[in-house]
Novice: 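Right, I'll just put the structure down here and ask away after.
Here, residue 1 is the first one in the sequence, and each next residue gets the next number. Note: hydrogens, waters and symmetry copies are ignored here, and every other heavy atom, side chains too, is used. Every value quoted in this text rests on a predicted model; they were computed, and no experiment measured them.
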Amino acid sequence: MAAESPAMRRVQVAEHPRLLKLKEMFNSKFGSIPKFYVRAPGRVNIIGEHIDYCGYSVLPMAIEQDVLIAVEPVKTYTLQLANTNPLYPDFSTSANNIQIDKTKPLWHNYFLCGLKGIQEHFGLSNLTGMNCLVDGNIPPSSGLSSSSALVCCAGLVTLTVLGRNLSKVELAEICAKSERYIGTEGGGMDQSISFLAEEGTAKLIEFSPLRATDVKLPSGAVFVIANSCVEMNKAATSQFNIRVMECRLAAKLLAKYKNLQWDNVLRLDEVQAKLGISLEEMLLVTEDALHPEPYNPEEICRCLGISLEELRTQILSPNTQDVLIFKLYQRAKHVYSEAARVLQFKKICEEAPENMVQLLGELMNQSHMSCRDMYECSCPELDQLVDICRKLGAQGSRLTGAGWGGCAVSIVPADKLPGFLANVHKAYYQRSDGSLAPEKQSLFATKPGGGALVFLEA
């Protein structure tokens with residue numbers, strides 16, 4: 001499955017209202033018709049938050065919301081990007097001189113990440129130009145991977161224009177790496193599920209080497225996504241990268257404590273692998289090796305026997321060099337416990353006990369508590385939303401995506417769904433102060449969707 005390239009489907013555009021509308025808008029914008037269309041889905045991470053960049057497995061599923069791009073290769077060397085949403089301005093540049101501005105995460109930069117990733121993979125200096133019209137229906141900055149879907153879609157667009165072939169796994173790895181051009185030090189979950197998703201199943205995604213295994217979700221329950229309406233843009237905040245660095249530093253201190261070669265250790269999973277012990281034992285090592293009080297840069301340097309200059313230039317990323325406190329104990333505790341919850345979740349799905357929905361819900365609740373208290377990536381509105389979901393019938397509810405805003409995901413018994421949706425809408429979205437903009441409100445049941453595709457007009 002994973003060795004395959006993304007599917008190419010011939011479709012009657014007239015039978016797909018969204019494709020048809022995109023084709024018409026493309027024609028009025030560029031005065032021509034698209035040669036092909038590419039879609040890449042967003043995702044909801046069911047469990048396994050902030051652990052992909054630590055090397056641990058995660059458990060997402062693709063959602064039906066996606067990024068859809070209409071494409072026409074052109075003979076010039078100009079890349080012209082337009083968006084169906086007037087909030088996102090047109091952009092054009094020379095296809096041979098791709099510059100990505102890390103200071104501002106503008107929408108077109110995510111497209112350029114995908115393009116540049118493919119261009120560099122094949123070592124191409126000059127790319128053909130193209131006209132692209134982008135249409136997305138994933139709520140932005142909501143923790144459902146709208147930006148990664150755009151990177152993946154652009155990567156597949158570029159690959160298709162070049163007439164080259166890559167497997168889904170290769171595409172996912174290239175896009176995960178190239179999204180870092182925007183300045184986030186993320187893991188590979190979002191890009192992997194965008195390419196490797198299959199309809200009807202969630203996936204356990206494992207890294208190094210990248211692989212995806214089907215996880216059959218319980219038939220008696222539905223996963224519901226609710227947007228807190230607090231926007232959080234990973235690339236615009238240093239919080240995300242600070243967490244990545246705290247995990248990196250925790251890994252180095254744990255390795256040093258256990259007399260391992262610590263200087264080339266970057267991720268918490270490497271320490272576990274080198275010690276050859278279980279996640280539960282890693283939690284005990286963390287208790288022994290790290291203290292709950294925050295560390296300052298001087299103490300970290302003393303522990304590792306390095307200078308402040310070495311810490312800043314050799315270990316920290318450029319946008320975390322001025323951070324003064326690092327909570328290493330809390331971050332490591334979250335990562336090792338969350339990695340264990342992912343494996344328990346998969347095991348329960350496989351064994352399918354009578355009370356599986358309740359058990360899965362408990363794991364999701366534990367995950368949220370850990371994200372809130374140990375990883376500190378929640379926010380008051382998300383905590384309130386999660387609380388409302390649990391009170392109104394969810395067996396479990398947690399933040400999903402990077403956090404600090406965005407969405408919650410809840411597991412809801414199927415027979416409770418209509419009442420649940422109505423009551424959550426009333427309790428969270430219809431507040432007396434009318435403070436939530438209606439266009440940001442989204443509350444919907446979701447089922448696992450398929451991965452990235454190329455559409456050709458039949």
Side-chain angles (χ1 to χ4, degrees), residues 49-56 101-105 177 179-187 232-275 279 282-339 370-379 402-405:
E49 220 57 77
H50 284 282
I51 62 174
D52 58 343
Y53 54 76
C54 297
Y56 285 110
D101 180 357
K102 280 189 183 183
T103 60
K104 303 191 224 25
K177 201 166 87 204
E179 190 166 327
R180 295 188 190 127
Y181 293 136
I182 213 93
T184 38
E185 303 283 333
M232 183 274 168
N233 184 315
K234 281 207 293 272
T237 165
S238 61
Q239 281 299 332
F240 184 90
N241 286 345
I242 291 170
R243 293 298 178 280
V244 179
M245 291 306 129
E246 287 174 317
C247 290
R248 179 177 294 181
L249 291 168
K252 289 180 183 294
L253 264 67
L254 289 167
K256 179 95 193 303
Y257 177 80
K258 283 300 208 178
N259 299 316
L260 300 169
Q261 182 78 38
W262 62 266
D263 47 351
N264 56 2
V265 167
L266 291 174
R267 299 190 315 265
L268 287 164
D269 75 312
E270 297 171 71
V271 184
Q272 185 197 358
K274 285 186 196 311
L275 293 175
L279 287 161
M282 273 317 302
L283 284 165
L284 299 174
V285 171
T286 303
E287 293 284 342
D288 291 340
L290 302 174
H291 55 68
E293 302 73 32
Y295 288 73
N296 62 29
E298 291 73 19
E299 185 182 0
I300 290 168
C301 291
R302 276 202 307 278
C303 291
L304 296 176
I306 58 173
S307 68
L308 271 171
E309 185 54 25
E310 286 171 299
L311 173 67
R312 290 182 51 144
T313 56
Q314 290 173 28
I315 300 177
L316 298 176
S317 64
N319 55 5
T320 57
Q321 287 174 1
D322 301 320
V323 177
L324 296 175
I325 63 163
F326 298 96
K327 297 189 177 179
L328 308 187
Y329 168 87
Q330 291 82 347
R331 309 318 182 216
K333 290 267 294 198
H334 166 74
V335 170
Y336 291 130
S337 65
E338 184 78 347
S370 183
C371 286
R372 182 190 67 204
D373 302 337
M374 302 306 276
Y375 220 71
E376 296 177 276
C377 63
S378 191
C379 67
W404 297 288

Novice: Are Val265 and Leu254 side-chain neighbours, meaning at least one heavy-atom pair lies under 4.5 Å?
Specialist: no

Novice: Does a salt bridge link Glu299 with Arg302, judged by any charged N lying under 4.0 Å from a carboxylate O?
Specialist: no

Novice: Nearest 0.5 Å, please: how far is OH in Tyr375 from NZ in Lys327?
Specialist: 13.0 Å

Novice: How long is the span from the CG atom in Asn241 to the OH atom in Tyr53, to the nearest 0.5 Å?
Specialist: 9.0 Å

Novice: Using every non-hydrogen atom in the two residues, find where Ala250 and Leu290 come nearest and quote the distance to one decimal.
Specialist: CB-CD1, 4.3 Å

Novice: Might you point out which heavy atoms bring Pro294 and Ile325 nearest each other, and give the distance in Å?
Specialist: CB-CB, 4.2 Å

Novice: Determine, step by step, whether Tyr329 and Glu293 satisfy the side-chain hydrogen bond (donor to acceptor under 3.5 Å, both in side chains) criterion, reporting the C-alpha distance in whole Å, the side-chain angles of both residues, the deciding distance to 0.1 Å, and the verdict.
Specialist: CA-CA 8 Å; Tyr329 168 87; Glu293 302 73 32; over 6 Å; no

Novice: Once rounded to the nearest 0.5 Å, what's the spacing between atom CE of Met282 and atom CG of Leu268?
Specialist: 7.5 Å

Novice: Would you indicate whether the side-chain heavy atoms of Ser317 and Met245 approach each other to under 4.5 Å?
Specialist: yes

Novice: Does a side-chain heavy-atom distance below 4.5 Å link Tyr295 with Leu249?
Specialist: no

Novice: With the threshold set at 4.0 Å, does a side-chain nitrogen-carboxylate oxygen contact exist between Lys252 and Asp263?
Specialist: no

Novice: Is the backbone N or O of Arg267 less than 3.5 Å from a side-chain atom of Arg248, with the two atoms forming a donor-acceptor pair by type?
Specialist: no

Novice: Can you see which heavy atom on Cys371 is nearest to which on Glu49, and at what distance?
Specialist: SG-CB, 3.8 Å

Novice: Side chain of Gln321, backbone of Thr313: donor and acceptor closer than 3.5 Å?
Specialist: no

Novice: Under 3.5 Å, side chain of Trp404 to main-chain N/O of Glu376, donor-acceptor pair present?
Specialist: yes

Novice: Roughly how far, to the nearest 0.5 Å, is OG1 of Thr103 from CG of Asn319?
Specialist: 12.0 Å

Novice: Hey, what's the ring geometry for His50 with Phe240, parallel, tilted or perpendicular (30° and 60° as the breaks)?
Specialist: tilted

Novice: Donor-acceptor pair, distance only, cut-off 3.5 Å: does the side chain of Thr320 make one with the backbone of Leu316?
Specialist: no

Novice: Using 0.5 Å steps for rounding, measure from the OG atom of Ser307 to the CD atom of Glu298.
Specialist: 11.5 Å

Novice: Rounded to the nearest 0.5 Å, what separates atom SG in Cys247 from atom OH in Tyr336?
Specialist: 9.0 Å

